[in-house]
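Here's the structure we're looking at; comments come further down.
In listed order, ligands and their atoms are each counted from 1. Just so it is clear, the model here is predicted, and its values are computed rather than measured.
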Amino acid sequence: MDNEDTAFFHSWFRNYVRGFYSEDPKTQMNIRLKEEHTLRVCTEIVRLGKALKPNTKALQLELAEIIALFHDIGRFEQFKTYSTFDDRVSENHATLGLKVLKATDILNRLTETERTIVYKAIKYHNVRKLPDYVDENETPDWLLYSKLLRDADKLDIWRVVTDYYTERPRHRNTALELELPDTPEYSRCFIDDILDNRVSNSRALKTFNDMKLLQLGWIFDINFTPTFRYIRQRRIIEKIIAALPDTEDIRKIREHLNGYLEEKKLNKL
Ligand SMILES: [Fe+2]
């Protein structure tokens, strides 16, 4: 892969997304939201990749960028068909994305090895937990890219949602709330998962507050030290907590999450 390929893929992406632009303001806003998210994930993955490069010589930054560019390619078709980003009531947007990519021949510019890495990283970008490989020799090449993508994607989703929680009183976007009821309640299992350092299952979501707790718990699925640094610098935990009710439980998870971040600083993971 070279710079010419990167430019080609970016231009293909731009044209593809333009095909989904709409006169309907709600559709247009959500298509643009995913387009801009994608471009920022490209920036995040390259920044993260550069920070890791000294220790991961085999890492190809151009390939990482293309994975980020295509990771949410299924979102456009998803919103057009179902008017939602909720995979639970529509279909898995990663699988849909793979169908979109396979229906074109654009990835033929890549070698077969590169193509497999792109497909696998996209396929696994939204699973709750990546497969474990105990034996280093069995660890597939795509796993590193998948981990990078998952960190970069989370960094930008956190950015989108924390901006949204501040803006929400002025501009509501129910697609970003998965149409969940905005009541003061939250489900106990999300609190317990955080206290047990576990990522929650999105199937258990019942309220909008549950979604904020789910997003806080993603911190337990972060793979790289620089990502923890960005989380601290951008005050992600504080911003999401500020959008939750002030209760004993929430104060407890704030302590717990800040403690976890401090630990990661010391551990030099
Ligand atoms: Fe994404």
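Comment: Asp249 engages Arg188 in a salt bridge, judged by a side-chain N to carboxylate O separation of less than 4.0 angstrom.
For the Fe ion (ligand 1), the tally of protein N/O/S atoms lying closer than 2.8 Å stands at 4.
Side-chain contact annotation: Glu35 with Tyr21, donor-acceptor N/O pair under 3.5 Å present.
Here the closest non-hydrogen pair linking Ala121 and Ile67 is CB-CG2, 3.7 Å.
Annotation: Phe85 is in aromatic contact with Phe79 [ring centroid separation under 6.0 Å].
Evaluation of the ring pair (Phe, Tyr, Trp, His ring centres under 6.0 Å) test over residues 96-143, restricted to residues two or more places apart or in two chains, returns His71-His125, His93-His125, Tyr124-Trp142.
Between His256 and Phe220, the ring planes are tilted. Angles from 30° to 60° get that label.
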